[in-house]
Amino acid sequence: MDGIVSRRSDTPPIFKAVISATYKENLAYRSQMAISIFTQPIYFLVQYFIWQSVFKISDTVSGFTLDQMLLYFAISSLSGFLNWDSAGTELQDLIQTGKFITFQIRPVSHIYYSFFQKVGNRILAFWVEMVPVIFFYILFGIDLIPAKPFWTVISFSISFVLSFLVSYTVGTIAFWLVKTDGVRRSILLFTQIFSGLFLPLNLFPKGFQKILFYLPFQFITYVPTRVYIGSYELAGITMPIPQIVFLQAIMVVIMFLVNRFIWSMGIKRFTGVGS
Amino acid sequence: MMQVISQNTREKMKGLRYSGFGVYIQGIKSSLASRMAYRGDFIMSMFIMMIVELGGPVITLIIYNNGASFPGWGVYEVLLLQGIFLLSRGISFPFFMGIVWNTISRVQEGTFDLLLIKPRSILLMSIASAFDSEDLGKLIGGILVFGIAMKNLPAQPLHNWITFFIFFIFSILLMFAFGLFMAGLGIVWIGNYRIYDIFMTVMEFGMYPKSIFTKSFQTITTYIIPISLLASYPASALLGKPNTNVLLALASAIVFFLAGLWFYFRMVANYTSSGG
């Protein structure tokens with residue numbers, strides 16, 4: 001009982017330490033992160049040329065004007081920076097090498113440890129990657145003022161947690177498989193496509209949009225980006241912003257429960273010696 | 001007499017085995033053998049590589065399905081261009097582009113020295129020990145898109161095909177030059193796998209018709225970093241569309257390739273290590 005109490009009272013400093021340590025550790029590799037300052041503007045320029053060319057022929061594509069389309073790509077890229085994490089990969093590595101055993105004896109739950117590692121990593125990414133890219137968008141003339149600032153903050157925060165949960169859940173596959181690179185890459189790819197990172201989901205065929213509506217992926221990029229723009233529509237379904245953000249929050253709860261369920265089954269299979 | 005012939009054949013086979021090509025084939029065999037230890041993962045990874053490659057064509061299809069288009073280009077013409085781009089990538093990535101990750105990881109671990117002390121060119125050894133079998137998925141993706149596009153386009157005359165093949169060779173040459181630049185960078189920029197990101201993003205310009213870019217960008221992508229030669233020029237040649245300043249573009253590709261070779265060997269010469 002004492003152990004539980006002291007563990008609870010120690011919890012905030014531990015996570016603060018995890019955030020701080022991850023931040024410092026990643027700071028040593030900031031030049032790798034900074035490559036986004038070069039790559040993202042180029043990627044955006046390509047998108048700009050593609051869509052400028054497309055919009056020469058039609059004024060709107062699936063309800064988007066050229067400015068809205070560019071805003072979508074700008075915001076979805078920022079969402080991509082914010083949500084990026086390597087929790088799944090690191091968990092798989094820990095399980096496969098057996099190093100995960102050290103977490104079994106630490107007074108901290110691995111899921112929270114991993115989440116706060118992401119927080120530390122993304123705080124650094126905010127300064128190194130996001131701020132310069134935001135400046136680029138502003139110089140490019142993209143109007144970055146969100147339509148509903150309050151809901152935008154809430155929605156992006158939820159997507160931050162949800163993307164972590166998806167990645168972490170994918171990582172638990174390592175409890176069952178010896179080599180997981182292929183499965184991880186495939187799930188990552190489908191997550192990126194179905195989240196709307198590469199293309200607004202309402203451009204996909206209508207039947208496919210209906211499937212996408214019921215999957216958790218749209219809540220990672222598409223929903224926060226649409227909340228930022230100020231309107232939501234998918235598969236012909238339109239919703240007020242607070243309602244879709246509420247659904248996003250429910251999805252986080254569902255994903256958390258799914259993760260804990262899979263985790264409880266997987267952890268029984270884990271064996272490690274020494275490490 | 002028979003014995004002499006068979007001895008000659010054996011000598012020839014031995015010569016072939018120890019030639020640059022033989023070393024390269026041996027590298028492919030070893031790579032495939034080690035990858036086959038995890039067949040399921042290999043097949044899955046190859047499948048994913050193929051799906052990843054289809055991203056660009058899918059975006060094109062979605063654009064055209066939404067009633068929009070690239071001016072002057074039909075949907076299958078754009079798919080042909082993208083198919084050529086993917087074919088070029090599908091040949092480069094498994095067969096020689098592995099030089100990039102191989103160099104980065106070996107320099108980081110200190111095992112690049114092991115290649116340097118071998119009695120063969122460092123370039124050959126870096127390529128031969130980096131065959132990336134998973135990337136064959138890219139080639140399958142390229143063949144698929146190219147095939148679908150060709151099936152839906154009218155048959156092209158022989159001279160278009162000949163011009164296309166010449167341009168396609170330059171496309172591969174250009175990919176090789178990119179590989180040399182990245183591998184060279186990997187020697188000095190230790191452990192930075194995001195060098196790939198720089199390359200992949202710049203390559204995005206090659207995946208769409210040259211005409212969608214502004215004049216200044218067209219100049220950059222034709223003469224400075226001749227990305228237009230990756231797919232836009234070969235596709236236009238195959239479709240019989242006019243290509244302007246062809247000779248200048250080809251010359252620029254040769255200069256780019258020579259610059260890549262110079263850069264790579266310069267970086268190798270500058271490489272220092274403490275033995276790994």
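Throughout, a chain's letter reflects where its sequence line sits, starting with A, and its residues are numbered from 1.
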(message) Under 4.5 Å from any heavy atom of chain B, what part of A:I193 do you find: side chain, backbone, both or neither?
(response) neither
(message) Within the 4.5 Å heavy-atom criterion, are B:N270 and B:R266 side-chain neighbours or not?
(response) yes
(request) May I ask you to name which of B:T214, B:D197, B:I51 has the most heavy-atom pairs under 4.5 Å with chain A? (result) B:T214
(request) Counting only heavy atoms closer than 4.5 Å, note whether A:V61 contacts chain B via side chain, backbone, both or neither. (result) side chain
(request) Go through the atoms of B:M49 and report whether side chain, backbone, both or neither lie under 4.5 Å from a heavy atom of chain A. (result) side chain
(request) Consider only side-chain N and O atoms of A:S62 and A:N202, and report whether a donor and an acceptor are under 3.5 Å apart. (result) no
(message) Between A:E129 and B:R194, does any side-chain N to carboxylate O distance fall below 4.0 Å?
(response) yes
(request) Would you check if there is a donor-acceptor pair between the side chains of A:N121 and A:T22 at a distance under 3.5 Å? (result) no
(request) Step through it carefully: locate the ring centre of A:W51, locate the ring centre of A:F64, and say whether they are under 6.0 Å apart. (result) no
(message) If I measure from the heavy atoms of chain A, does B:I198 come under 4.5 Å with its side chain, its backbone, both, or neither?
(response) both
(message) Report which part of A:I42 has an atom under 4.5 Å of a heavy atom belonging to chain B: side chain, backbone, both, or neither.
(response) both
(message) Please check if the number of heavy atoms outside A:Y48 that lie under 6.0 Å from its OH is greater than 12.
(response) no
(request) Measure B:Y208 against the heavy atoms of chain A and call it side chain, backbone, both or neither at under 4.5 Å. (result) side chain
(request) Go through the side-chain N and O atoms of A:Y222 and A:S76 and say whether any donor and acceptor fall under 3.5 Å apart. (result) no
(request) Using only heavy-atom distances, determine whether the side chains of A:Q218 and A:Y232 contain a donor-acceptor pair under 3.5 Å. (result) yes
(request) Using non-hydrogen atoms and a 4.5 Å limit, figure out which bit of B:F217 sits close to chain A: side chain, backbone, both or neither. (result) side chain
(request) Go through the atoms of B:N192 and report whether side chain, backbone, both or neither lie under 4.5 Å from a heavy atom of chain A. (result) both
(request) Side chain from CB out, backbone as N, CA, C, O: work out which of these in A:F38 comes under 4.5 Å of a heavy atom of chain B, or both, or neither. (result) side chain
(message) Shorter than 4.5 Å, heavy atoms on both sides: which option in B:N65, B:I63, B:I195, B:V58 has the most such pairs with chain A?
(response) B:I63
(message) If I measure from the heavy atoms of chain A, does B:S211 come under 4.5 Å with its side chain, its backbone, both, or neither?
(response) neither
